[in-house]
Amino acid sequence: MTTVATPNSTLVAEVARRRTFAIISHPDAGKTTLTEKLLLYAGAIELAGAVRGRKSERAVVSDWMDIERERGISVTSAAVEFDIGEHHLTLLDTPGHKDFSEDTYRTLFAVDGVVMVIDAAKGIETQTRKLFEVCKLRRLPVLTFINKLDQPSRDPFDLLDEIERVLGIHAVPMNWPIGSGDRFRGVFDLENAIVHFYERKGRAQEAPVQVSSAHDPRLAALLGQEPWQHLIDETSLVSGAGTSFDHQAYLDFKHTPVFFGSALSNFGLEPFLKALTDLAPPPRARLSDQGMIPPESPHFSGFVFKIQANMNRRHRDRVAFLRVCSGVFEKDMVITNARQGAEIRASRPYRFFGGNRETIERAYPGDVVGLVNPGQFGIGDTLYHGFALKYPAIPRFPAEHFGIARLRDVRFKQFDDGIRQLEEEGLMQVLYPTVGRREPILGTVGPLQLEVLKARLENEYNVVCDVDSLPYKAARWVVGPSDKIAAISASTAGTRSASDREGRPMILFESEWALEYCERNNPGVQLLAVMP
Ligand code: G4P
């Protein structure tokens, strides 16, 4: 079949207009609202409320199952693509619940930039901080949206200072709030000296006003003497601080441009979207075992960052989500999975949106392609055509919660299929005890996931099982001479020996203390949290 027939200039132009990003925030800061408003603005959806998620996404299992049931109409289907002007944007979903942070972590490997939403009354919260750390690790440029300006907010200097102090990045305001809460009047665009007025319900719409600077006396009439003076004082302090926005510094993770606004009331979204298309980076070169691979390379390459089982009950299939990194991906292309060297014809590449899946003919760097996955792909697999290479593995979080799954009926095959497929999705790690019955031990990053696994096995695979929690706190692969490995569990209290699906030896530990003790007393073996 065809390989890369597209002229290189098309590829270069397609790369240049792409923006692939994720929105990170602490639950409740307004990520879902902002997503919805961006999609509404872009015309990608027609109705407010079409984007699901909100609280149910991060609440209890039953709510989560509802989400599963209606996953078809949710942006939780990994990625949404939409156009704004000349630009083609792909927004990757990052689940809000802390138990699913590993999923989010993987997603952040597949984007080129990030939008960070902060609640103006709360500032930096724990989940924001954690997610920001991942962005830092990956040097992902971050645009900041300080949300809910329509409500009483913290002092803007305070918020900027907190970003700098807690996150360690220069926060450069792009606009400045005029008043707060009940007296919030709008924002002043610092670069272009334009006042954007906030419209409260029932008030006539006021057009943005271009002035010469914050000192322009026309502002006295427009804002009132006191708010005007306040604006002058504050903007003088901002310019006195001397940090003006530097695009390269943003791309280098040294600056984050900060926009104040309110997603719910559609305020400040237009300039923010403009920044997203103008400032956020297009796909960049990625490191592989063959060196840096530019997106404009003539050879297709990409990697799988997410696998989702049972996307659609009617289809009952598993979808591997591929992020295209270089070249052009084409339908029916023969691609190689770098992990096993296996060749696969990509005969059913999809784009997902809402409940629909649509076959695509081609995709460019930055795009996300869903491949129906009859078990050939795992998370982190590199796929390529024409030029063999491998992207670095996506690190896994070590499991911290364990439970043993006990089948309550005799549907062994369905049970095994379910466990294998959900493991492939990266929902949990599966270990088999070396001694005793070979009932699988499930290891997860968060406690809620064990409940979710049980519910999904029942719901999607029709098997009823109990998941009894186990007292272990950590699991490690053990590498070293087999006699030494065998001696460990015999000699260390609070441990149990096991193996993974491939039969590689592992040890479970009941406490951090047992793990440290074992490390100290067994210098001849290595205990690995991540299998290289
Ligand atoms: P999340 O995805 O980050 O968790 O937050 P989400 O968008 O669900 O927003 C959390 C709550 O904050 C929602 O209210 C939402 O309406 C509100 N919100 C978002 N943006 C703004 C804003 O600019 N101003 C104000 N005042 N509120 C905002 P909720 O009542 O908790 O949920 P819902 O009933 O609206 O879904």
Side-chain angles (χ1 to χ4, degrees), residues 21-41 44-45 47-60 63-64 66-67 70-71 73-80 91-101 103-104 107-108 114-132 134-135 142-154 156 159 175 177-187 196-203 258-273 446 448:
F21 68 105
I23 306 182
I24 59 167
S25 75
H26 189 84
D28 259 352
K31 188 186 72 164
T32 312
T33 311
L34 184 66
T35 303
E36 184 169 283
K37 296 299 167 105
L38 294 184
L39 297 183
L40 275 169
Y41 186 89
I45 54 171
L47 268 184
V51 175
R52 291 180 41 81
R54 296 196 188 279
K55 294 210 175 96
S56 48
E57 192 181 341
R58 53 187 182 265
V60 292
D63 283 347
W64 190 86
D66 285 343
I67 286 284
E70 292 180 46
R71 182 149 45 183
I73 57 156
S74 160
V75 286
T76 58
S77 53
V80 207
L91 169 58
L92 269 60
D93 184 51
T94 53
H97 194 286
K98 73 175 170 45
D99 278 6
F100 299 118
S101 57
D103 221 5
T104 302
T107 298
L108 293 177
V114 155
V115 166
M116 174 168 71
V117 184
I118 294 173
D119 184 322
K122 295 187 178 150
I124 306 290
E125 298 172 89
T126 40
Q127 190 76 350
T128 324
R129 206 165 52 220
K130 282 192 202 158
L131 293 166
F132 186 86
V134 184
C135 301
V142 176
L143 286 168
T144 301
F145 188 79
I146 299 192
N147 191 29
K148 307 196 187 180
L149 260 284
D150 57 312
Q151 289 189 335
S153 311
R154 277 172 50 184
L159 290 164
N175 61 19
I178 307 169
S180 158
D182 283 350
R183 298 206 292 181
F184 178 59
R185 291 298 314 278
V187 292
H196 295 274
F197 290 99
Y198 171 67
E199 292 125 32
R200 266 174 221 289
K201 273 202 192 90
R203 285 225 192 140
V258 177
F259 295 81
F260 291 88
S262 162
L264 189 65
S265 38
N266 279 319
F267 182 71
L269 295 184
E270 216 173 309
F272 187 68
L273 262 178
L448 177 69

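Read the numbers this way: they start at 1 and go in the same order the structure lists the ligands and their atoms. Worth knowing before you read on, the calculation uses all heavy atoms, side chains too, and leaves out hydrogens, waters and symmetry mates.
Heavy-atom contacts of Ala263 reach the following atoms of ligand 1: 23 (O) (cutoff under 4.0 Å). When each atom of ligand 1 is checked for a heavy atom of Pro27 under 4.0 Å away, the hits are 4 (O). In the vicinity of Ser25, heavy-atom distances shorter than 4.0 Å reach the ligand 1 atoms 3 (O). Under a 4.0 Å criterion applied to the non-hydrogen atoms of Gln151, ligand 1 contributes the atoms 26 (N). Heavy-atom proximity to Ser262, at under 4.0 Å, picks out these atoms of ligand 1: 22 (C), 23 (O), 24 (N). Those atoms of ligand 1 that come under 4.0 Å of a heavy atom in Lys31, given as number and element, are 1 (P), 2 (O), 3 (O), 5 (O), 7 (O).
On a distance-only criterion, Leu264 and ligand 1 share at least one N/O pair closer than 3.5 Å. For Ser265, no nitrogen or oxygen atom sits less than 3.5 Å from a nitrogen or oxygen atom of ligand 1, counting backbone and side chain alike.
Taking 4.5 Å as the limit, every side-chain heavy atom of Leu149 sits out of range of all side-chain heavy atoms of Asn147.
Ring orientation note: the planes of Tyr198 and Phe267 are nearly perpendicular, at an angle over 60° on the 30°/60° scale.
Put simply, the residue from Leu38, Leu92, Leu131 that forms a side-chain contact (heavy atoms from CB on, under 4.5 Å) with Ile23 is Leu38.
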Tabulate below the donor-acceptor pairs under 3.5 Å that side-chain atoms of residues 118-126 make, not counting sequence neighbours, or state none.
unit_1 : atom_1 : unit_2 : atom_2 : d
Asp119 : OD1    : Ala121 : N      : 2.9
Asp119 : OD2    : Lys148 : NZ     : 3.3

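In Asp28, the parts holding a heavy atom less than 4.0 Å from any atom of ligand 1 are both the side chain and the backbone. Only the side chain of Asn147 comes within 4.0 Å of ligand 1, counting heavy atoms alone; its backbone N, CA, C and O stay farther away.
Residues passing the salt bridge (charged side-chain N to carboxylate O under 4.0 Å, His left out) test with Arg154, sequence neighbours excluded: Asp158, Glu162.
Ring centroids of Phe260 and Phe145 are separated by 6.0 Å or more, keeping the two rings apart.
Considering all non-hydrogen atoms of both residues, Phe259 and Pro271 come closest at CE2-O, 4.1 Å.
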